[in-house]
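Fair warning: this is a prediction, and the values are worked out from it, not measured in the lab. Letters A, B, ... mirror the listed sequences (proteins, then strands); counts begin at 1.
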There are 4 protein chains.
Amino acid sequence: MPVHAEAGISETEHQSTHDLYSEFASIRNRTIELMGSLSTEDCCVHSLPDASPAKWHLGHVAWFFETFVLAPYETAFKPFHSAFRTMFSSYNAEGETHPDPKRGLFTRPSLSVIQDYCRNVDERMHRLLLSPPDEDEMLYALTVLGLNHEQQHQELMLADIKHLLSQNPLEPCYQLPGKGLFVNLPATPASMHWQDFDGGIIQVGYAGQGFCYDNESPRHKQYLAPYRLASRLITNGDFLQFIEAGGYRNSGVWLSEGWDWVRSHNQRHPIYWRRNDHEWQEFTLMGMQPLQANLPLVHVSYYEADAYARWAGARLPTEAEWENAGSRQRIDGNFAENGHLHPAAAHPDNSHDSHDSHDSPYLAQLYGDVWEWTQSSYSPYPGYSPAKANPSKPISAVWDEAVGEYNSRSMVNQYVLRGGSCITPARRIRPSFRNFFPARTCWQFSGIRLARDI
Amino acid sequence: MPVHAEAGISETEHQSTHDLYSEFASIRNRTIELMGSLSTEDCCVHSLPDASPAKWHLGHVAWFFETFVLAPYETAFKPFHSAFRTMFSSYNAEGETHPDPKRGLFTRPSLSVIQDYCRNVDERMHRLLLSPPDEDEMLYALTVLGLNHEQQHQELMLADIKHLLSQNPLEPCYQLPGKGLFVNLPATPASMHWQDFDGGIIQVGYAGQGFCYDNESPRHKQYLAPYRLASRLITNGDFLQFIEAGGYRNSGVWLSEGWDWVRSHNQRHPIYWRRNDHEWQEFTLMGMQPLQANLPLVHVSYYEADAYARWAGARLPTEAEWENAGSRQRIDGNFAENGHLHPAAAHPDNSHDSHDSHDSPYLAQLYGDVWEWTQSSYSPYPGYSPAKANPSKPISAVWDEAVGEYNSRSMVNQYVLRGGSCITPARRIRPSFRNFFPARTCWQFSGIRLARDI
Amino acid sequence: MPVHAEAGISETEHQSTHDLYSEFASIRNRTIELMGSLSTEDCCVHSLPDASPAKWHLGHVAWFFETFVLAPYETAFKPFHSAFRTMFSSYNAEGETHPDPKRGLFTRPSLSVIQDYCRNVDERMHRLLLSPPDEDEMLYALTVLGLNHEQQHQELMLADIKHLLSQNPLEPCYQLPGKGLFVNLPATPASMHWQDFDGGIIQVGYAGQGFCYDNESPRHKQYLAPYRLASRLITNGDFLQFIEAGGYRNSGVWLSEGWDWVRSHNQRHPIYWRRNDHEWQEFTLMGMQPLQANLPLVHVSYYEADAYARWAGARLPTEAEWENAGSRQRIDGNFAENGHLHPAAAHPDNSHDSHDSHDSPYLAQLYGDVWEWTQSSYSPYPGYSPAKANPSKPISAVWDEAVGEYNSRSMVNQYVLRGGSCITPARRIRPSFRNFFPARTCWQFSGIRLARDI
Amino acid sequence: MPVHAEAGISETEHQSTHDLYSEFASIRNRTIELMGSLSTEDCCVHSLPDASPAKWHLGHVAWFFETFVLAPYETAFKPFHSAFRTMFSSYNAEGETHPDPKRGLFTRPSLSVIQDYCRNVDERMHRLLLSPPDEDEMLYALTVLGLNHEQQHQELMLADIKHLLSQNPLEPCYQLPGKGLFVNLPATPASMHWQDFDGGIIQVGYAGQGFCYDNESPRHKQYLAPYRLASRLITNGDFLQFIEAGGYRNSGVWLSEGWDWVRSHNQRHPIYWRRNDHEWQEFTLMGMQPLQANLPLVHVSYYEADAYARWAGARLPTEAEWENAGSRQRIDGNFAENGHLHPAAAHPDNSHDSHDSHDSPYLAQLYGDVWEWTQSSYSPYPGYSPAKANPSKPISAVWDEAVGEYNSRSMVNQYVLRGGSCITPARRIRPSFRNFFPARTCWQFSGIRLARDI
């Protein structure tokens, strides 16, 4: 989604540009691979205003490199096709950071022309990165930004395709289910208990030398009261209890705005659940599957997450509470590279043995599986300023257009999610990474971890 | 559009079923041919709620024969695919005569599977028609109905595709312009004069022995006052004068509801016109073309037709007035078979020599070119009753489902258009043929012929 | 409703201007009287976009005389208040023939100021009519038009108030029920039978020397096939059978657009009916009343009228069929002057004895009680031209503004109703009178008389 | 607005119940007084879905005492009118904390009946408070809550009335302008400079022994980085510069959602500003007035506040930053008791002399004048739990209904405003008081104070 994170970077680690091209090629190959199981027609359609057709995603990631890397750095730059500069832009005609609302009607260019466009951009990127202008840090930074941008669109594309396929009476699969995902699940779920965290002044925000978006900076202090987090995610089985207790009919557990949402959409269960002759099913990227009680709940709105937490006598964590826990734990989980493309059950024995630090409470499924809604509205960190290029460099106008102001312009009426999901490329995730969506969002892979005051 | 004319027939002429299959094959080939210049992606998308994707049209015409001919007559009937019975139905899930509102999201089945479906139905129709059950008039009648239905969808498909392509910034062509369509036009337009018609009691409705829809019957008497009709259609040049005189800003010439429509859509010209650096252009199935003053105006709503007529001191004809004129004139004009797929200029010398009857006033462009809006609301003829099968025959329930009630259920808030257009198969047209659309419709090939009282 | 009938008149009968003032005073007194049982607050609010607050109606009828009679004829004309010329106009700011959409927010001027305005206009009309400029027919015609206009607003005001009160949980009465309206009704309903009418050429349109709106002219010929009309209106009891037979859940009996309306409004019964502990009730101007099976059905949309007729194996009459019957029968019925303000039961013995002409079939409740939906779309009569003043007279611009074009600009997507209702002033009704509303309308006093082909 | 703060209280100061009744009487008198200049009709209408008619406010404050104080404590309780329990509830029929959406149609009961209702409740409250059940703290607490609730509705009523009158072409005044409000303003505005605040751990939340809403608790620690706040509010003159610099046409300074809002509402200036022949005017409770450059800007949305701050190279304060400043300064300002009902100009010499603490930076207009938007989304404080009665007391169910859960259920997609306005009763304000509205809100008296990082 283009409102996201055409974003800023603070500092970049230094690889050779040869290595950088290798990374570029590997990420691009992954993008192509993800589209491999889609038909030409699947690539052409989107089923939600906030989503985009897969072929638009592909054109858009090529457009990003052509516009923000090739245009300023390529000798004798000439765009592949003049019309593509607007058709694949994330700025629409009104200067807004939405894609063109007609992008679902772009049956031309065909997918194969967009693939040509992509290959053309690849070759030009290859030439550029193998003989870059001397010592240009900005070229480096813009390319790294483009790679992060592309991985973000890999994730969006999968979420968009899942919604599209879910609308089809034929219930198509994006792929066949991986071994052990829906069968031979542990008979008893991992137990949920509370892990306690001390309060005090903590540091929040990106601390390293690598890439991060501008919204993760500056690193700054916050005061936290002591709190506890649930040792695992909420499961389908947990959420079924909420449904069976009349959760969707009890206005008292909902935010007022959430209750309006429930009634106006006549919501009775998570969007991909279906009730079929007294059996619950769930639509997945592997088609329709019987609902598994031990798998994590996924695809809930902020409203549903908040209502569940309230009903369960708990609350959602703040993003600082989450980051304080997340920064103590190794980034390890069920990410897109696993190929499951669905959240997996927590191990019943999520004991201390299985992780690196014996001094800190361990939280199962903290990274990967599902994005965890926090109660924190998406807002700037103290001292934040939108990413700006060094104005003494001639490239700065491009930089500002690519990255400046973007994250900051989304900072109202959106809520932060943390930790990545089973469709997130692992490399994209940092403890400080902030994802954000409006409270009504449910087509993203979003779920629930509970928190409580001590 | 499926709300149209899944309709009734009164009586059928008698061909052999061999001949009938030939006709079936020829019409089906035409359908395939019309899709020949479309990409797979073009076939998958529709750009208006009232329109449908081309591949849905294709599936739907096969569905019609499978459902209403093969299902009752085929020995050991088995549907090609059980889900297709609802996916390609013109009844949606709520029992309404609209197609499924999600049909634009049906990326599966792929176009090639739908083509298989079509071929499968073809073969089964072939087998059935070459060895039909003895003496079954109903089989005959249902097949003829299916052929008329399919020709109607050929026309709808072209109108739908034109709208889709018009939304694309690449301004694609459906086909290259035919010789002489946009060049070497007569320098002076055919002059417009009035042709007078006597009043008195006339007969309205279908009179022959062949196929007609139930809404064309019964033939009945009407009393007409003397009237006059314009000798040709309104041209782009005529309509430019209306625009330049401030027609779209002058509430006084519009129906109240039309003025609401102008303002809510910020309408300033016909939908396919574009103003480009002081030159007017028109989007056509042959791409964007300079606007030709002598070509007939096309793609106006009833509101625009009525406003123009009012501004010009005239009115739209009633459908009885039109049919009274049309029934005296040979059916001859610029239909889909011409391949122009755009209305053509009237000859400056549309003299009496060029037509068969010297006794009757000649009206250029009466058939073909553009559907002519009449001022008549679409309503049942006196004595009309929806087509019903003979209830003594076992097939009658199917018949009623296929044809019964359909035309009659659209009989509110729609207006009648007459004469066919440049995308109408010529065979579909009769003097008594009634097309109908809501007043706001402009993506159909609709235009204006003026009338006046004497 | 202001889109109605700021209309044209053809010719006017000749009274003295003294008599005309008496009529003016009597009609104005009736307007005041109708508002007598309303509180100041009742007068200030409207509950539908198509309705207006009672005080706006009062200001508007005064505005009409001030604008179209006093402005051109009064010596040294000065408006009562300059802002009232737009606030009480039936033209809104965009030149549209709707009242100001903010009229429900006009808490100022207060009702008492509007009453002052009215009294002021009365006095000025008094002075003008008692010493009119010599020989001015136009003054006469404009005043007569204003009187008809005011009577129309008397009716609209009652329909608007009924809807407003129906929204109030206190279920207020506009007045107490008249004797015998809801009690001591005949135990058996009047039987319904069919009355036959010959076909042939008939005359339609106003034939007299008095006032009529321009849409009733010119009188013209039409050919009718033989037909029959029901001897009385459809009753609540008749309609209950439709409901109990599942009429509102059976898509097959509805126009497609009507079915959309049923589902989008979740319509299950006529708008003023309530189901209360297994008993049906009906909201009336006399408050909530038990539903009486023998009273005429009232407040149905065209969609409901058409669905009922279809279900009953009949159809709605055309307006020509209605007028052909109505012109043979004395205008006599349950009109506003009765004070019932609700339709009354037909007498069980509606025999030939009770009416004047023994040669013609008698139809009970043809005039008054409820407006009868016809199947006829509201369109111009052959030879119709909007009312125009004599252009040689200086007053003609005013005339055109008051009356010209108005009726004709509503002539799309509206349906004709005939015969007047229990809230219609009797004087307003003629056999040729055409009322018209969009098909979805149900807050008017509209009901059903069935027709059939012979 | 009923979604607000039917809220919780932590502890209550102890007055005698005699004194409490005096306070009740004084606040009730003020409510009556505020309605004194309104006509019966003004009291009956509301002009925004979020607003309510003045008479509904009056009925609602009486309803609050009847429902939450009289019902549980009055001997032989009998409601004044059974229907009023739902008509004046802030819970609508769906159990939602909105008032009945039809409240603008409640022309009955008349204002005078509602006044009777109020007087009746007054007398019963008098009797109850003068002979209360022994030692009942809950009675005390519920009454104090009712008084705070009523003061809140006094403010809402004025904001609602201002919007209603602003819609009227007669531009009515609620009252005449007070001396010196719009004339003899200082020729030069108070200069704006920055006041610096240290960072560190601060305490946020209510600290005293008196009444507060549950959302102000618990008092807790936060870490703040050093920051600066503007010494005065943004003025009309300041904001004119933003407009003249093209602020409303420059998408770059707006939040994305704000830019959507600007375009969909075609916003070009604050809602009550009018451009009249090259002069700016502002609608006020004293009618239309020439726009005064030195008066504070009022009635801006969060979007406008954020866009202005961004354009000015600053930002909005967080609520903690505001409270840290506010808790050091005496509560003194232009509140409703002044009678101005409009924000007043800052004194040019807002020097340190004029306030009590020489050690702390002084901020002019911090209290009163306009509610100051903060960048903080409305969310629960750490350790917050909705107000709950002591479950051992029999009254606890009432308490929970009156106050429990309410504030917390609004905690999504709303933003906090601080400091009170010129229509806020002074007694209602505390340094810790949190007002909150959706970002689009502009009919409240909301304005801008800038902040910056140091």
Do [X] and [Y] come close enough that some side-chain heavy atom pair is under 4.5 Å?
| X | Y | value |
| --- | --- | --- |
| A:Glu257 | D:Pro438 | no |
| D:Tyr223 | A:Lys221 | yes |
| A:Pro380 | D:Arg315 | no |

message: Holding to ring-ring contact (aromatic ring centres under 6.0 Å, His included), I want the full list of residues that pass it with A:Tyr415, two or more places apart in sequence or in another chain.
response: A:Tyr302

field: Contacts of D:Tyr248 that satisfy ring-ring contact (aromatic ring centres under 6.0 Å, His included) - sequence neighbours left out
entry: D:Phe242, D:Trp254

statement: The reported gap from CE in A:Met411 to CG in D:Leu255 (rounded to nearest 0.5 angstrom) is 9.5 Å

statement: CD of A:Gln414 to OG of D:Ser377, rounded to nearest 0.5 Å, is 12.0 Å

Evaluate whether atom [atom1] of [X] has more than 12 neighbouring non-hydrogen atoms of other residues, nucleotides or ligands under 6.0 angstrom away.
| X | atom1 | value |
| --- | --- | --- |
| D:Arg268 | CZ | yes |
| D:Asp196 | CG | yes |
| D:Arg85 | CZ | yes |

query: Would you say the side-chain atoms of D:Arg409 pair up with the backbone N or O of A:Gly258, donor to acceptor, closer than 3.5 Å?
result: no

field: Which of A:Asp453, A:Ile201, A:Val412, A:Thr318 touches chain D most, by non-hydrogen pairs under 4.5 Å
entry: A:Val412

